[in-house]
Every structure is written in C-alpha cells, then in structure tokens.
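Only one structure is covered here, and it is reproduced in the block below.
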Amino acid sequence: MAKYKYAHHMCQSDVGAFDQTYKPGQIVFNSGIYRCKACGNEIALGKGQAIPTHHHEHIVLGPVTWNLLVFAQEHPK
C-alpha cells in the first residue's frame, strides 16, 4: 500500500484514470504509482512509459493487470 507523510500534499480524486486497467506492455498516460490487481505489488512509472512485461508472474493469483494508485499532478507551464 502506498504511504505518505504529509496529507496536505495529497487530495482525493475520482477521475476516471483510476478506473483504467493496464496489461503488461501498455503505455500509461499518467506519471505515478501503479498497483498489481492480483498481488498488490507497486511500481512507479513516468507518463508515456510502458507497464513492464516481465516484472513478475502469478502462478495462482491470475493475470498480471495494473491500476493507477496515485498520480503525480502536472501543473500548466
């Protein structure tokens, strides 16, 4: 589970990006922390990076799929 120290730097959101499920090899649209739906493993990815294809395997838990857990907010320039 992702952890944070300073709650004033975080805000809850219900944007649809959190509902997207990613498979290994897919490109992510948000920089952030992604969580494996089957085992709970977490990884950090930058915007435009691909979900690792050989990060880990599940023998009993089912397929490796990922959801966005926390994303990094980009501010307009």
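We count residues from 1, following the sequence as given. Scope of the values below: all heavy atoms of this structure, side chains included, with no hydrogens, waters or symmetry mates.
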Exercise for review: Share the residues that join Met1 in a hydrophobic cluster, the rule being Ile, Leu, Val, Met, Phe, Trp or Tyr side chains under 4.5 Å apart at the heavy-atom level.
Suggested key: none

Check your understanding: Can you get from Ile43 to Val64 by hopping between Ile, Leu, Val, Met, Phe, Trp and Tyr side chains that sit under 4.5 Å apart?
Key -> yes

Would you list the atom pairs, donor with acceptor, under 3.5 Å between side chains in residues 7-35 and any protein atom, with sequence neighbours excluded?
from	atom 1	to	atom 2	distance (Å)
Ser13	OG	Val15	N	3.3
Gln26	OE1	Lys23	N	2.5
Ser31	OG	Lys47	N	2.8
Tyr34	OH	Asn30	O	2.6

Review point. At what distance, to the nearest 0.5 angstrom, does SG of Cys36 lie from CG of Leu61?
Key: 8.0 Å

Exercise for review: May I ask you to test the Trp66-Leu45 pair for a side-chain heavy-atom distance under 4.5 Å?
Suggested key: no

